[in-house]
Chemist: 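Before we start, here is the structure in question, set down as structure tokens.
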2 protein chains.
Amino acid sequence: MKYPTEMKRGPNDPGLENPGRRTMLLGSAGAMAAVSLLGFTPLARGEEPKTLPDYVAWKERNALILHSANTMETQRGAIGQGVITSSDRLFVRNNLPAPSEEIVADRDAWEVNIEGVKNPRALTIGELKSMGVTTVASVLQCSGNGRAFFPHGASGTQWSVGAAGCVMWTGVPLKTVVEALGGPADGMKYITSTGGESLPDGIDPKTIMVERSVPLHALDTAMLAWEMNDEPLPLTHGGPLRMVVPGFYGVNNVKYVKNVAFTEGQTDAKIQASGYRVRDVGKKGSPDQPSMWEMNVKSWVTAPLETGRSGRNMIYGVAFGGTKSLDKVEVSTDGGQSWKQAQFLGPDLGPYAWRPFVLAADLSAGEHRIVSRATDVEGNSQPEGRTENERGYGHNGWKDHGVTVTVS
Amino acid sequence: MKYPTEMKRGPNDPGLENPGRRTMLLGSAGAMAAVSLLGFTPLARGEEPKTLPDYVAWKERNALILHSANTMETQRGAIGQGVITSSDRLFVRNNLPAPSEEIVADRDAWEVNIEGVKNPRALTIGELKSMGVTTVASVLQCSGNGRAFFPHGASGTQWSVGAAGCVMWTGVPLKTVVEALGGPADGMKYITSTGGESLPDGIDPKTIMVERSVPLHALDTAMLAWEMNDEPLPLTHGGPLRMVVPGFYGVNNVKYVKNVAFTEGQTDAKIQASGYRVRDVGKKGSPDQPSMWEMNVKSWVTAPLETGRSGRNMIYGVAFGGTKSLDKVEVSTDGGQSWKQAQFLGPDLGPYAWRPFVLAADLSAGEHRIVSRATDVEGNSQPEGRTENERGYGHNGWKDHGVTVTVS
């Protein structure tokens, strides 16, 4: 299948968003030595792989933009008008190389330690499956989705709009598990999840490990998921078991989760302490800055992207409210001077899902700047501009996300 | 992927459910001559193809039971716990061989005639796409799903539970199209849709053509669909354009639809006049008998199917209410002596969709007969038994649909 060409993007990038990896690669240990420890070769700047790496060979190549071996985004034209993103088109963003396929050979045997509860213990997926089950649709989105639009050249993968998708997660509510273990220990304020990636020797694990803390209130919706889109969770996306925190940015949905701890404070792992922190351009990350937790309200147009025919055009897009349901989406075909309310398309999969939308618009010949603006049920609307920040996180400004369409 | 073995089914069958085809094949013209006119070779009784025919080669072989080249059902163990059935596992049931792939080469050019309206005309899919769009999840189910459970040996494909799936349809509401053409002409009581299959010469078209009439009230929900599960509608399932009547049995969802007429009476095509009519065993079909239109409330267990472990077992299944939303599903692990209410799993995709359900049940060692019983919002529950009828249509009795599980 051929998709409409992606809009102009920023320069390619080796995909070194993780501060730990960046430090390591550029640090005193020597770039190539560090690279071999990671078990893969990052691409040189500007070099884009032409074929999919083996671990994602099952993905639909034509639907993806390959930024690096570990970072791939869904083509804007391949997002489609569906309520669910098929797994073979979903973006890929791994902070570390995926573990060996061996960990999904016997899925039910995978163990996760639950700590910081009254009765801590390890549980296998087999055991989790007998405790309870829920299915939730939620948007998975990288914190840096939209980074390509920042003019200061925010470092990290130059995502346009496609580091996001809406998927179905099936697993056990974390609350069900924790209640069976007597509930969180007294005084705990965070849920801290640790990924099961192998870490190279000779590097301080804290600088590279994937360990994220989210506020305790996430316990109301968090789940330990073993299925995505009704299939066993692929290794690529965190199988056999992933922490899913609906409405939170992707990084909090820890893959290959091997440890879930209720903790008094946030982890001091670099990915939490200084990574994924919103700060002014030029500043370093630190724990006092806002962390990338709940997602903000956002939308973008998915069709048409380049050309239209004079007369009636159907303008499609997707919109979501992070942890809040949507109230409405408006579309403008004149760059934001006038707006019309779009119609939601298909069933509402709940507050954490996205909603495809459509507007029938009569367009005259010429160039049209098409933009969309979503508003959640609490009245939060997408702003016009960006919140400038060092790493290009959380961009939901409607202006940058528009497309220019030539109608003839 | 290996699925649990299907429960014991009835004898295989060449899949000659269509009365027209049956007559033709057994009639005076000579079976083999008629066969060659159809363009494919029906299987001898008891013969099951081992590999998928070319036109469905993209399907997941292991998820399907192949009854014949034109009839394939989803393995009970492959139905899964999802709200949507993936296209590659969806059952196949064609009354006639599918047309050539040529008809999906230029999808937007496909024309459908709209007749029996104030301003009749032909519209291309390209034109339909600019008129409006909607996405609806609905269960697609063959009228004969469950036929294998009839003890009198109802003729037709011996479907167990897998001639059903829940899919997303995207297209234009028929009402939108009809309103643009001035509305139905006065006095019209039915919507009559005609399929675009090629018919063999030398046979009265009325005995073989796929042309179905549904009551005019279906105009409130009917749609002309060009996408299924967010992909262009596969030829196998009626692409480029299919009439979809949510909540109605499969046969009314006419594939490759080339004509939609608002009519005073029902079509006299055999598939409508005498086919798909509910009558006593031994009787012939006739227009005064109930037609297979709206589906009834139904459910079945999808896991476990054969074995369980002593202790906590999660019992999964799917349930739907035809054109009505569900109120509840109850599950019994003692063959219907006692019942517990199951929990619905995942988002509600609307009244025409199915709802996966789950019940956590503590099972002791031994044999357990597990059955499920759905009730719709109007209080209609599945009956215990069958409504015996000649062709084995519309079976929703809970007793036959149960599974016997050995717990050790």
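Sequence lines set the chain letters: A, B, ... in the order given, protein chains first and strands last, and positions in each chain run from 1.
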Chemist: Let me know if A:Asp348 has heavy atoms under 4.5 Å from chain B in its side chain, its backbone, both or neither.
Modeler: backbone
Chemist: At a 4.5 Å cut-off on heavy atoms, which part of A:Val136 comes close to chain B: side chain, backbone, both, or neither?
Modeler: neither
Chemist: Could B:Arg89 and A:Glu231 be called an ion pair, given the rule that one side-chain N must be under 4.0 Å from one carboxylate O?
Modeler: yes
Chemist: Would B:Asp88 and B:Lys59 pass as an ion pair if we require N to O under 4.0 Å?
Modeler: no
Chemist: Where does A:Tyr316 contact chain B at under 4.5 Å (heavy atoms): side chain, backbone, both or neither?
Modeler: side chain
Chemist: Could you please spell out the steps behind the side-chain hydrogen bond (donor to acceptor under 3.5 Å, both in side chains) verdict for A:Thr406 and A:Thr307?
Modeler: CA-CA 5 Å; A:Thr406 304; A:Thr307 58; over 6 Å; no
Chemist: Counting only heavy atoms not in B:Arg309, do more than 12 fall under 6.0 Å of its CZ?
Modeler: no
